[in-house]
Amino acid sequence: MKILITGVAGFIGSNLTEALLKQGHEIIGIDNLSQGNLFNLAPFEHHTQFTFIQSDILDVKSFIQAAEGCDVIYHLAAFKIPRFGNAYDTLHINAQGTQNAIEAAVTHKAHLIFSSTSDVYGKNPNIPFSENHDLVIGSPTVKRWAYALSKAFDEQMCFAEAERRQLEFTIVRFFGGYGPNQHLTWWGGPQSVFINNALDNIAIPVHGEGLQTRSFTYVDDHIEGLIKAMLVKESRGQVFNLGNDREMTIVDLAKMIWTMIRPGTEPKIEFIPYSTFGNYEDVMRRVPDITKSKTILGFQAQWQLEQGLPITIEWQKQRRKLLQNSKMNSCLENTESLA
């Protein structure tokens, strides 16, 4: 098949591209490189079945043109949690970008696979989260809800456009992805920052008391779920949780990562009060019910943290070296040009 992937240079996008190329598909990748990294595309940048287009998902004309002849559109590009700002960008980019993805899918009669998030469940107290649960969002004065609301709006747009213009779609809600090609800042998730700090022998920052829980999913499991969402016809018009249903506190994750990197030493952890973030609100538990994904998609997460984290840590060590060498080379080039 011919497949378009937005956010192709990002964490999920690059891993999905590599998997689909191995299966013989033709891939068109879009990314504006605001958060994606060309290093993620290096393994297949010269692959004859891969085309990279540096473009923005807000450019609807370019989007529709890139999708010509495509059977499937994976819409992965998004702007993320405005913890410290950028609430407007989160709302605008995610809403308009998804509308453009829908326009491209409708125009070319492609199957749209839209990447949503576990954030949409918000403050729902019913654990584990099932796809038919209510989405419980906090006060509009708390900007952290902008991301969840943008994704919930996008989901509703998919359903509305299916009714209005026969859009063929599948929605997947990711839970806590980690692994090679993850972003190395908070954008990539707490594990990215925790690994960096442990490698540097710096205290790991844990928000609140660290008793909030999350479910962490190794990237290979997410990729398997995404491919199943494409291949299983019964996925059309449905919403699926994609994640590992093992629940872990953030402080336990921090201790696990520290022990893997610095065995035999006492974990250094710095507890940071939520009050330092201003008007912020955290979700205290987040666990998926994957019954529907098992039943319809045949999806079951296979990787546990004890397996996936060592691979991720080793990858992150190598990526940090690569980035450092790249910066050094860039400085040398600038020095030469000045001379």
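Because only heavy atoms are used, hydrogens play no part in the values below, and waters and symmetry mates are left out as well, while side chains stay in. Counting from 1, the numbers follow the sequence of the chain as shown. Everything numeric in this text was worked out from a predicted model, so none of it was measured.
Counting heavy atoms from C-beta outward, Tyr121 and Glu131 have side chains that approach closer than 4.5 Å. In this structure, the side chains of Leu41 and Leu38 come closer than 4.5 Å at one or more pairs of heavy atoms. A 4.5 Å side-chain heavy-atom check between Asn201 and Trp258 finds at least one atom pair inside the cut-off.
In this structure, the side chain of Glu314 does not engage the main chain of Ile311 through any donor-acceptor pair within 3.5 Å. A donor-acceptor pair under 3.5 Å is absent between the side-chain atoms of Asn244 and the main chain of Ser215, judged by distance alone. With Lys151 contributing its side chain and Val120 its backbone, the two residues share no donor-acceptor pair below 3.5 Å. Judged purely by atom type and a 3.5 angstrom limit, Gln182 uses its side chain to pair as donor or acceptor with the backbone of Gly179. Looking at Ser192, its side chain does come within 3.5 Å of a backbone N or O of His183 through a donor-acceptor pair. Remark: the backbone N or O of Ile296 is not paired with any side-chain donor or acceptor of Lys228 at under 3.5 angstrom. Remark: the backbone N or O of Ile64 is paired with a side-chain donor or acceptor of His108 at under 3.5 angstrom. Side chain of Asp221 to main chain of Trp303: a donor-acceptor pair is present (N/O by atom type, distance under 3.5 Å, no hydrogens or angles). Ser150 places a side-chain N or O within donor-acceptor distance of the main-chain N or O of Tyr147, the cut-off being under 3.5 Å. Between the side chain of His75 and the backbone N or O of Thr6 there is no donor-acceptor pair closer than 3.5 Å.
In plain terms, the two heavy atoms of Met230 and Arg236 that are nearest each other are O-NH1, 3.1 Å. Contact between Ala148 and Ile137 at its shortest, heavy atoms only, is CB-CD1, 4.0 Å. Nearest heavy atom pair, residue Leu242 against residue Thr217, reads O-OG1, 4.5 Å. Taking both residues in full, the closest heavy atoms of Arg262 and Ala198 are given as NE-O, 2.7 Å, listed atom of the first, atom of the second, then distance. When every heavy atom of Leu112 is checked against every heavy atom of Ala105, the shortest pair comes out as CB-CB, 4.0 Å.
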Start with the C-alpha distance between Glu103 and Arg165, add both sets of side-chain angles, then the distance that settles salt bridge (Lys or Arg N to Asp or Glu O under 4.0 Å), and finish with yes or no. CA-CA 10 Å; Glu103 289 297 328; Arg165 295 193 288 173; 2.7 Å; yes
Give the intermediate values and the outcome of side chain to side chain contact (heavy atoms under 4.5 Å, CB included) for residues Asn94 and Phe153. CA-CA 9 Å; Asn94 292 350; Phe153 176 83; over 6 Å; no
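With sequence neighbours excluded, the residues that form a side-chain hydrogen bond (donor to acceptor under 3.5 Å, both in side chains) with Asn126 are Asn124.
Residues Val72 and Ile27 are members of one and the same hydrophobic cluster, defined by side-chain heavy-atom contacts under 4.5 angstrom among Ile, Leu, Val, Met, Phe, Trp and Tyr.
The aromatic rings of Phe169 and Phe159 sit perpendicular, their planes meeting at an angle over 60°, well past the 30° parallel limit.
When each of Ile28, Leu20, Leu226 is checked for a side-chain contact (heavy atoms from CB on, under 4.5 Å) with Ile5, only Leu20 meets the rule. When Gln191, His207, Arg214, Glu209 are each tested for a side-chain contact (heavy atoms from CB on, under 4.5 Å) with Ile250, only one passes: Arg214.
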